[in-house]
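Quick notes on the structure that follows.
Quick note: residue numbers are just sequence positions, from 1.
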Amino acid sequence: TKWGSWGGDADLSPNGQEFAKNLARYMDGIPAHARPGSVWISSLRRTGQSAAHLQGMKHVSWRVLDEIKAGTADGMTYQQIREQMPLEY
């Protein structure tokens with residue numbers, strides 16, 4: 001899935017990668033006794049990519065946390081939806 005499209009299973013954007021690194025730095029600043037032992041993520045690639053930066057935490061993937069599917073527009077950009085599905089747009 002390309003960035004800017006609806007739904008799909010895209011990789012983290014450059015901003016998302018930077019956010020994930022900042023989140024990991026923040027979590028590293030929490031004393032070990034106060035840090036959660038696990039993080040719950042969806043089954044989407046980008047959530048695993050975000051969690052990969054969180055060291056020492058178990059990653060629990062739960063499909064119910066996935067986004068709602070976009071149906072026939074899944075993976076399409078707004079421009080594609082406007083052109084190919086004008087009534088829905």
Side-chain angles (χ1 to χ4, degrees):
T1 304
K2 58 192 166 297
W3 188 83
S5 61
W6 272 46
D9 192 10
D11 288 323
L12 277 177
S13 68
N15 285 342
Q17 293 171 13
E18 188 62 31
F19 180 86
K21 291 175 189 174
N22 287 332
L23 176 62
R25 281 192 286 274
Y26 171 80
M27 294 300 288
D28 287 343
I30 297 173
H33 71 277
R35 204 174 308 151
S38 63
V39 60
W40 289 61
I41 61 174
S42 76
S43 67
L44 299 176
R45 246 188 332 237
R46 62 187 170 272
T47 63
Q49 292 167 349
S50 295
H53 295 279
L54 302 172
Q55 301 300 313
M57 297 177 76
K58 179 181 176 185
H59 305 156
V60 180
S61 179
W62 199 26
R63 190 175 179 90
V64 75
L65 297 174
D66 289 0
E67 299 167 349
I68 296 173
K69 300 292 182 202
T72 56
D74 198 57
M76 296 172 74
T77 65
Y78 280 104
Q79 180 66 32
Q80 291 170 320
I81 295 168
R82 182 172 41 241
E83 291 170 359
Q84 297 173 29
M85 305 168 70
L87 294 176
E88 288 81 359
Y89 183 80

What's the separation between atom [atom1] in [X] and atom [atom2] in [Y], rounded to the nearest 0.5 Å?
{"X": "L12", "Y": "R45", "atom1": "CG", "atom2": "CZ", "result": "10.0 Å"}
{"X": "Y89", "Y": "E83", "atom1": "OH", "atom2": "CD", "result": "10.5 Å"}
{"X": "E88", "Y": "R82", "atom1": "CD", "atom2": "CZ", "result": "14.0 Å"}

Using only atom types and a distance under 3.5 Å, with no angle test, would you say the side chain of Q55 pairs donor to acceptor with the backbone of A52?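 Looks like yes, one N/O pair under 3.5 Å.
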
Any heavy-atom pair between the side chains of Q49 and D11 that's under 4.5 Å?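 Sidechains of Q49 and D11: in contact.
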
Can you tell if the side chain of L65 reaches within under 4.5 Å of the side chain of I41, non-hydrogen atoms only?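 No; the side chains remain at least 4.5 Å from each other.
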
Over all atoms of both residues, closest heavy-atom pair of [X] and [Y]:
{"X": "H53", "Y": "A20", "answer": "CD2-CB, 3.6 Å"}
{"X": "S42", "Y": "S61", "answer": "O-OG, 3.4 Å"}
{"X": "M57", "Y": "V39", "answer": "CE-CB, 4.0 Å"}
{"X": "M27", "Y": "L54", "answer": "CG-CD2, 3.8 Å"}

Going only through I, L, V, M, F, W and Y residues with side-chain contacts under 4.5 Å, is there a path from I30 to L23?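 Per the 4.5 Å side-chain linkage, I30 and L23 are co-clustered.
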
More than 12 heavy atoms of other residues, nucleotides or ligands under 6.0 Å from CZ of R25: yes or no?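 Buried by this count: over 12 neighbours within 6.0 Å.
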
